[in-house]
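Structure provided below as structure tokens; questions to follow.
Keep in mind that the numbers below use all heavy atoms, side chains included, and drop hydrogens, waters and symmetry copies.
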Amino acid sequence: MPPGTKQTKRKKRKNQKPKCTPLAAFFAQFNSFSFDENQSSNKNLDRLIKVLRCDVQDPERREVCKGFKDALVQEFNERFGNDGNNISNWQNLCRVLRIDPVPDSIEACRHCVWDTRVNLVDLVDSARTGKPAKLFPTLGELTAYTLQEPEKFFPKENMYQGGKELLKEITDPHFGKRMNGSAKRKERKKKQKAARAAAGGD
């Protein structure tokens, strides 16, 4: 191998441009701002707002925040997929959440993910920063953490931006049950009918 070959390859790899993710593309719109990939999404947003000098009531600030939320959801979909019926998407999510062993069925994956308490903004950022998202032992601790960082509320109102099923099921477990619970609904109605009959109803 000629001298300097390894060094040349290393230099090329170092100079490669990072993948243009939805969040990177969003921040790239602002020429006066430099997106820091190693920084959390909400910290980047804070810096952008300071650079733009947007007041709380400024319409530009609301527009910027809306665009940020859309990009955040799009980045989730790009990283984890948006098909709630794709087992590969669920298993990938389980691996990122450090669920071991990774279940071999969608239903088992769903329950493991629903039982895992993680901030979704941190989860999205972890794919870019390489820093594992923090897992919380209780819902109370996750809530307290999220309330300390207002921009870390995941934008549910934007979750249909570029996809819906997987993200919808994660943020609202009952959605998955409604999507796949026709048999349970029939059973519930049957029980309700039997209860009304026992009570002397119709």
Side-chain angles (χ1 to χ4, degrees), residues 15-84 86 89-90 92-93 96-97 113-114 116-136 139-176 178-179:
N15 291 335
Q16 283 179 343
K17 289 184 178 180
K19 182 181 178 183
C20 188
T21 64
L23 278 170
F26 165 74
F27 285 113
Q29 300 175 82
F30 306 94
N31 295 326
S32 58
F33 181 77
S34 179
F35 175 54
D36 185 349
E37 286 194 318
N38 297 314
Q39 198 173 48
S40 64
S41 299
N42 61 306
K43 296 292 185 186
N44 273 287
L45 178 62
D46 285 343
R47 288 195 301 110
L48 174 60
I49 289 174
K50 288 176 182 176
V51 167
L52 297 176
R53 297 181 180 178
C54 296
D55 186 72
V56 177
Q57 300 300 325
D58 194 329
E60 183 183 9
R61 176 171 178 151
R62 289 196 293 271
E63 195 64 29
V64 167
C65 290
K66 181 182 181 302
F68 169 76
K69 291 175 181 178
D70 286 345
L72 193 63
V73 174
Q74 288 170 348
E75 187 133 337
F76 176 94
N77 293 331
E78 186 174 289
R79 175 70 176 87
F80 300 106
N82 54 44
D83 184 358
N86 185 322
N89 289 344
W90 284 103
N92 177 40
L93 194 55
V96 174
L97 292 173
V113 170
W114 292 339
T116 304
R117 288 163 284 274
V118 64
N119 181 280
L120 291 182
V121 177
D122 286 350
L123 183 63
V124 170
D125 283 343
S126 68
R128 184 185 68 256
T129 64
K131 181 181 178 181
K134 183 178 181 179
L135 304 181
F136 294 85
L139 182 59
E141 290 179 65
L142 171 59
T143 301
Y145 169 80
T146 303
L147 289 174
Q148 290 176 355
E149 300 278 357
E151 291 83 2
K152 285 198 174 185
F153 278 103
F154 201 84
K156 288 186 178 182
E157 68 274 14
N158 298 64
M159 67 174 56
Y160 289 98
Q161 184 71 27
K164 59 178 182 178
E165 288 185 5
L166 182 62
L167 181 54
K168 178 66 176 174
E169 289 200 35
I170 293 169
T171 56
D172 179 10
H174 297 291
F175 178 81
R178 289 196 296 270
M179 289 280 290

### Main-chain N/O of Ser41 paired with Asp125 side-chain donor or acceptor, under 3.5 Å
yes

### Query
Judged by atom type as modelled, is there a donor-acceptor pair below 3.5 Å linking the side chain of Asn77 to the main-chain atoms of Asn82?
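Checked: no pair found.
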
#### Entry: Close side-chain approach of Arg61 to Leu52, heavy-atom, < 4.5 Å
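Arg61 does not reach Leu52 side chain to side chain.
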
### Message
Does the plane of the ring in Tyr145 sit parallel, tilted or perpendicular to the ring in Phe136? Use 30° and 60° as the thresholds.
### Response
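Judged by the thresholds at 30° and 60°, the geometry between Tyr145 and Phe136 is tilted.
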
### Query
Counting heavy atoms not belonging to Glu63, are there more than 12 under 6.0 Å from its CD?
no

### Query
To the nearest 0.5 Å, what is the distance between CG (Asp55) and CD (Glu60)?
11.5 Å

### Message
Between Glu75 (side chain only) and Leu23 (backbone N and O only), is there a donor and an acceptor less than 3.5 Å apart?
### Response
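Yes; judged by distance alone, with no hydrogens or angles, the pair exists.
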
## Note on the structure
In short, Leu45 meets Phe27 closest at the heavy-atom pair N-CZ, 3.9 Å

### Spacing of NZ belonging to Lys134 relative to CZ belonging to Arg117, to within rounding of 0.5 Å
13.0 Å

### Shortest non-hydrogen separation from Asn119 to Leu142 and the atoms involved
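Heavy-atom minimum between the residues: N-CD1, 3.7 Å.
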
### Query
So do the side chains of Leu48 and Phe68 get within less than 4.5 Å of each other, counting heavy atoms only?
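Not touching, per the 4.5 Å side-chain cut-off.
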
### Query
Quick one: are Leu123 and Leu93 in side-chain contact, heavy atoms under 4.5 Å?
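In contact.
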
### Message
Can you classify the ring geometry of Phe76 versus Phe80 as parallel (below 30°), tilted (30 to 60°) or perpendicular (above 60°)?
### Response
tilted

### Query
So, does Arg47 use its side chain to make a donor-acceptor pair with the main chain of Phe35 at under 3.5 Å?
no

### Task
Take Asp70 and Lys66 through the test salt bridge (charged side-chain N to carboxylate O under 4.0 Å, His left out) and record every step on the way to the result.
CA-CA 6 Å; Asp70 286 345; Lys66 181 182 181 302; 3.2 Å; yes

### Query
If you measure from CG on Asn89 to CZ on Arg79, what distance do you get to the nearest 0.5 Å?
11.0 Å

#### Entry: Check: Asp36 main-chain N/O paired with Asn44 side-chain donor or acceptor under 3.5 Å
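Looks like yes, one N/O pair under 3.5 Å.
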
### Message
Let's go through Asp122 and Lys131 carefully: what are the C-alpha distance in whole Å and the side-chain angles of both, what is the deciding distance for side-chain contact (heavy atoms from CB on, under 4.5 Å) to 0.1 Å, and is it a yes or a no?
### Response
CA-CA 9 Å; Asp122 286 350; Lys131 181 181 178 181; over 6 Å; no

